[in-house]
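Take a look at the structure set out below.
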Amino acid sequence: MVTVALDADFFRRWLSAVSAAVDREADRLTELDSAIGDADHGANMRRGLTAAVAALEEQAPSSPGAVLTLAGRRLISTVGGASGPLYGTLLRRAGKALGDQESVEPEQLREALRTGVEAVAQLGSAARGDKTMLDALYPAVEALDDSGGGFEAARRAAEEGAAATVPMRARRGRASYLGERSVGHQDPGATSSALFFAALAETAGTTSAGESA
Ligand code: ADP
Ligand code: MG
């Protein structure tokens, strides 16, 4: 169960934790992108999240919705690669769905993320199984439950979803240019999506306590 309030501070801490995770894993993200893309995913994510966190510190938005919307706008304006507009859309749409309430319920967060993930699928004309970030995002959002549990389950589902992209053949994004040669590599975007959910579990404090609490 989540015992912390899902307020603006929680969402700021979540995005700071994503940024820290991306910093730690940037080399790995770039390595994965060098196998089936153009070796910039680590740098793209780092630039975007650093700018988003700086904007949140400067402007200190007062609602969860405003935090996500501002972070999403920054990702879109600072990241040149496909992942910028895609993650930016995810956060902006989720932020819009949350509105301007000071604090939100876990159920609202789940529904907002679901809306955001649908917007990513639409923007990228992609579906589950295309070997993209959606293969981690869909299972993660599905693992969230509306009672405030599920953050740890979502973290695991995202990681498993990312790992499950290895045998897939890419049908969207740069990796799709490789056709059959995209098989056998983990998708970089699915891997960074797993970091978003690992950071969410960490911020909610469920990572060490697990689901039993
Ligand atoms: P670029 O591909 O422009 O270099 P990045 O390397 O930052 O951008 O991001 C690549 C990731 O973006 C991929 O691993 C994939 O997960 C995701 N991606 C690319 N195209 C799409 C798409 N059409 N729909 C969903 N996700 C996509
Ligand atoms: Mg790339």
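The shown structure was predicted, so the numbers you read here are calculated from the model rather than taken from an experiment. Every number for a ligand or one of its atoms is a count from 1 in the order of the listing.
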I'd like the atom name of the N/O/S atom in [X] lying closest to the Mg ion (ligand 2).
X     : value
Asp33 : OD2
Asp40 : OD1
Asp38 : OD1

The test is side-chain contact (heavy atoms from CB on, under 4.5 Å); show your working for Phe197 and Val141 and say whether it passes. CA-CA 9 Å; Phe197 283 90; Val141 171; 4.1 Å; yes
Indicate the ring-plane relationship of Trp14 and Phe196, choosing parallel, tilted or perpendicular according to the 30° and 60° boundaries. perpendicular
Report all N/O contacts between ligand 1 and the protein shorter than 3.5 Å as a table of atom names and distances to 0.1 Å; if there are none, say 'none'.
residue	atom	partner	partner atom	Å
ligand 1	3 (O)	Ala82	N	2.8
ligand 1	4 (O)	Asp38	OD1	2.9
ligand 1	4 (O)	Asp38	OD2	3.1
ligand 1	4 (O)	Asp40	OD1	3.1
ligand 1	4 (O)	Asp40	OD2	3.4
ligand 1	4 (O)	Arg174	NE	3.1
ligand 1	6 (O)	Asp33	OD2	3.1
ligand 1	6 (O)	Asp40	OD1	3.0
ligand 1	7 (O)	His41	ND1	2.9
ligand 1	7 (O)	Asn44	ND2	2.8
ligand 1	7 (O)	Ser83	OG	2.6
ligand 1	8 (O)	Ala82	N	3.2
ligand 1	9 (O)	His41	ND1	3.2
ligand 1	14 (O)	Asp187	OD1	2.6
ligand 1	14 (O)	Asp187	OD2	3.2
ligand 1	14 (O)	Gly189	N	2.9
ligand 1	16 (O)	Met133	N	2.9
ligand 1	16 (O)	Asp187	OD2	2.6
ligand 1	23 (N)	Gly124	O	3.0

Using modelled atom types and a 3.5 Å cut-off, is there a donor and acceptor pairing between side-chain atoms of Ser182 and backbone atoms of Leu178? no
Just by modelled atom types, is the Asp187 backbone N or O under 3.5 Å from a matching donor or acceptor in the Thr165 side chain? yes
Please determine whether residues Phe11 and Ile76 belong to a single hydrophobic cluster, defined as Ile, Leu, Val, Met, Phe, Trp and Tyr linked transitively by side-chain heavy-atom distances below 4.5 Å. no
Closest non-hydrogen atoms of Ala190 and Thr132, given as atom of the first, atom of the second and distance, are CB-O, 3.7 Å
Minimal non-hydrogen separation, Val117 against Leu90, with atom names: N-CD1, 3.5 Å
